[in-house]
Amino acid sequence: MNNSIASSHLRIAKPVRDLQRTSQMYRDGLGLELLGSFEGHAGFDGVMLGVPGAAYHFEFTHRAELDVAPPSPEDLVVLYVPERPAWQALCERMLA
């Protein structure tokens, strides 16, 4: 594998309608931590959520003037959790 790809960091960025609600859902549901946040950056507010030291994080942004369409059934984040009890616990927390 190309060393630059193997040492890369993946950022998944998505505009959302409700930044606080989205942030809370991913923190409480998946146990992600707030890695950073910003306000008024080119008109956007945002949060970065993830696992400290992991090679990925989510960035959710909000801009009042931006009309974000509601998610469709194809708007997915897929996480593979191999242990069934851990998977069930995550599902329950996300639904809560």
Side-chain angles (χ1 to χ4, degrees):
M1 176 177 271
N2 182 323
N3 283 339
S4 63
I5 292 175
S7 62
S8 296
H9 185 92
L10 174 66
R11 175 179 66 123
I12 301 165
K14 180 170 177 37
V16 296
R17 288 180 160 192
D18 187 329
L19 188 59
Q20 182 176 358
R21 182 175 181 213
T22 300
S23 180
Q24 181 179 357
M25 181 183 77
Y26 278 81
R27 282 182 294 133
D28 295 349
L30 295 179
L32 300 180
E33 295 184 27
L34 179 66
L35 302 176
S37 64
F38 55 91
E39 292 182 0
H41 178 68
F44 286 88
D45 297 337
V47 297
M48 284 78 73
L49 303 172
V51 176
Y56 67 89
H57 73 269
F58 291 97
E59 178 177 301
F60 297 106
T61 60
H62 175 75
R63 183 176 185 165
E65 301 83 28
L66 183 64
D67 184 26
V68 177
S72 76
E74 295 303 315
D75 187 8
L76 305 172
V77 172
V78 179
L79 302 172
Y80 294 96
V81 180
E83 297 85 21
R84 186 167 182 81
W87 173 77
Q88 286 177 316
L90 284 176
C91 289
E92 290 170 10
R93 289 197 329 239
M94 289 298 287
L95 289 171

Applying side-chain hydrogen bond (donor to acceptor under 3.5 Å, both in side chains), can you list everything that pairs with Glu92, at least two apart in sequence or on another chain?
none

Taken in chain and number order and not counting sequence neighbours, the residues that satisfy side-chain hydrogen bond (donor to acceptor under 3.5 Å, both in side chains) with Asp67 are none

Ala69: what forms a side-chain contact (heavy atoms from CB on, under 4.5 Å) with it, not counting sequence neighbours?
none

Those residues that, when tested against Glu74, pass salt bridge (charged side-chain N to carboxylate O under 4.0 Å, His left out) (two or more places apart):
none

Hydrophobic cluster (4.5 angstrom, side-chain heavy atoms) - remaining members for Leu95:
none

Tell me which donor-acceptor pairs under 3.5 Å the side chains of residues 39-59 have, and how far apart each pair is, sequence neighbours excluded?
from, atom 1, to, atom 2, distance (Å)
Asp45, OD1, Gly40, N, 2.8
His57, ND1, His9, NE2, 2.7
Glu59, OE1, Arg11, NH1, 3.1
Glu59, OE2, Arg11, NH1, 3.0

Enumerate, atom names and distances included, each donor-acceptor pair closer than 3.5 Å involving a side-chain atom of residues 12-32, sequence neighbours excluded.
from, atom 1, to, atom 2, distance (Å)
Lys14, NZ, Asp75, OD2, 3.0
Arg17, NE, Val68, O, 2.7
Arg17, NH2, Val68, O, 3.2
Asp18, OD1, Gln20, N, 3.3
Asp18, OD1, Arg21, N, 2.9
Thr22, OG1, Asp18, O, 2.9
Ser23, OG, Arg27, NE, 3.2
Gln24, NE2, Asp28, OD2, 3.4
Arg27, NE, Ser23, O, 3.3

Can you check whether Trp87 reaches Leu79 side chain to side chain, under 4.5 Å on heavy atoms?
no

